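Input: a single structure, listed below in structure tokens.
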There are 2 protein chains.
Amino acid sequence: MDDDKVFKALADPGRRALLDRLCARNGQTLGQLCETMDMTRQSVTQHLGLLEQANLVSTVRRGREKLHFINPVPLYEVYARWIGKFEEARLGLLHDLKQELERKDN
Amino acid sequence: MDDDKVFKALADPGRRALLDRLCARNGQTLGQLCETMDMTRQSVTQHLGLLEQANLVSTVRRGREKLHFINPVPLYEVYARWIGKFEEARLGLLHDLKQELERKDN
DNA sequence: TTGACATGCAGGAAAATACCTGCCTATAAA
DNA sequence: TTTATAGGCAGGTATTTTCCTGCATGTCAA
């Protein structure tokens, strides 16, 4: 998985909105997604392209339509690699902070 | 919490590297963080500023030094609000995909 | 107080991003 | 076969982002 592509894909509110829509109803066409997006079809296409490159969205062609499906796997991997790690850090946080502040007084 | 700031903060590999360093050793000064970052101090400052605005890093001044501490809370909130939601979606994914493909044949 | 050191602040250049318009291709339906 | 519809592709522009240089401020130690 490419961490960087996933994070960059999630950095844009429009792309997160697209993931939201697909979360509500999976397998939508480009046209359907455009209806609620307040930007040109071409821009939506570009955003979906980045989501697809980040492997967050998979597509299937059906005739002249293109269906878009969410892929939650990379998000879960990001969680496993990042959030979990920081959870460990959380335990030591207050301790570290307290220690540093005390060192100040000495 | 400001979702957008958190996601944007995580979008840059340099900032993720900074979080990594703080995860390994919490409470480092700006100077210490610069030693391993291969960019100017001013750039590191800017990155740390964005992390702080996203509430991913908290700082404490100690004399002429500035100590940086990780704050994992917003990351956990992002997980709760996003990854969990997509986990639900995962369950329906294969079902949806299968259904759409079958509709194609009819 | 003076010199050294840690950090802050102010632009400015270069690259990346997000949008757009205009046109082309492919499929479905009349 | 013609027409309408769904989507693809090629630029071009405005904004944002990233990184830099140069200089200012604040703190410690001699």
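All values derive from a computational prediction rather than experimental measurement. Chain letters run A, B, ... following the sequence lines, proteins first, then strands; residues in each count from 1.
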Starting at the 5' end of DNA chain C and moving along, which residue's nearest nucleotide shows up first, A:Arg41 or B:Gln32? B:Gln32
DNA chain C: A:Ser43 or B:His68, which has the more 5' nearest nucleotide?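 That would be B:His68.
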Ignoring the backbone of [X], work out which of [options] is nearest its side chain.
X: B:Leu50; options: D:dG7, C:dG8, D:dT18; answer: D:dT18
X: A:Glu65; options: D:dT17, C:dT7, D:dA6; answer: D:dA6
X: A:Arg15; options: C:dC19, C:dG8, C:dA18; answer: C:dA18
X: A:His47; options: C:dA18, C:dG8, D:dG8; answer: C:dA18

For [X] and [N], what is the distance between atoms [atom1] and [atom2] respectively, to the nearest whole Å?
X: B:Asp4; N: C:dT17; atom1: CG; atom2: C1'; result: 14 Å
X: A:Arg16; N: C:dA18; atom1: CZ; atom2: C1'; result: 14 Å
X: B:Lys66; N: C:dC5; atom1: NZ; atom2: C1'; result: 17 Å
X: A:Arg62; N: D:dG7; atom1: CZ; atom2: C1'; result: 14 Å
X: A:Asp12; N: D:dT16; atom1: CG; atom2: C1'; result: 12 Å

I'd like to know if the side chain of B:Ser58 pairs up with that of B:Glu52 as donor and acceptor (distance under 3.5 Å, no hydrogens or angles considered).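 No - no donor-acceptor pair under 3.5 Å links their side chains.
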Quick one: the side chain of [X] and the base of [N], do they pair up donor-acceptor inside 3.5 Å?
X: B:Arg61; N: D:dG26; value: no
X: B:Gln46; N: D:dC19; value: yes
X: B:Gln42; N: D:dG22; value: yes
X: B:Arg64; N: C:dG8; value: no

Between A:Lys8 and A:Asp4, is there a side-chain N and carboxylate O pair less than 4.0 Å apart?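 The answer is yes: the pair qualifies as a salt bridge.
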ILVMFWY cluster, A:Leu51 and A:Met39 together (side-chain gap under 4.5 Å): yes
For the side-chain contact (heavy atoms from CB on, under 4.5 Å) test, which of A:Asn55, A:Leu56, A:Val57 pairs with A:Asn71?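 The option that passes is A:Asn55.
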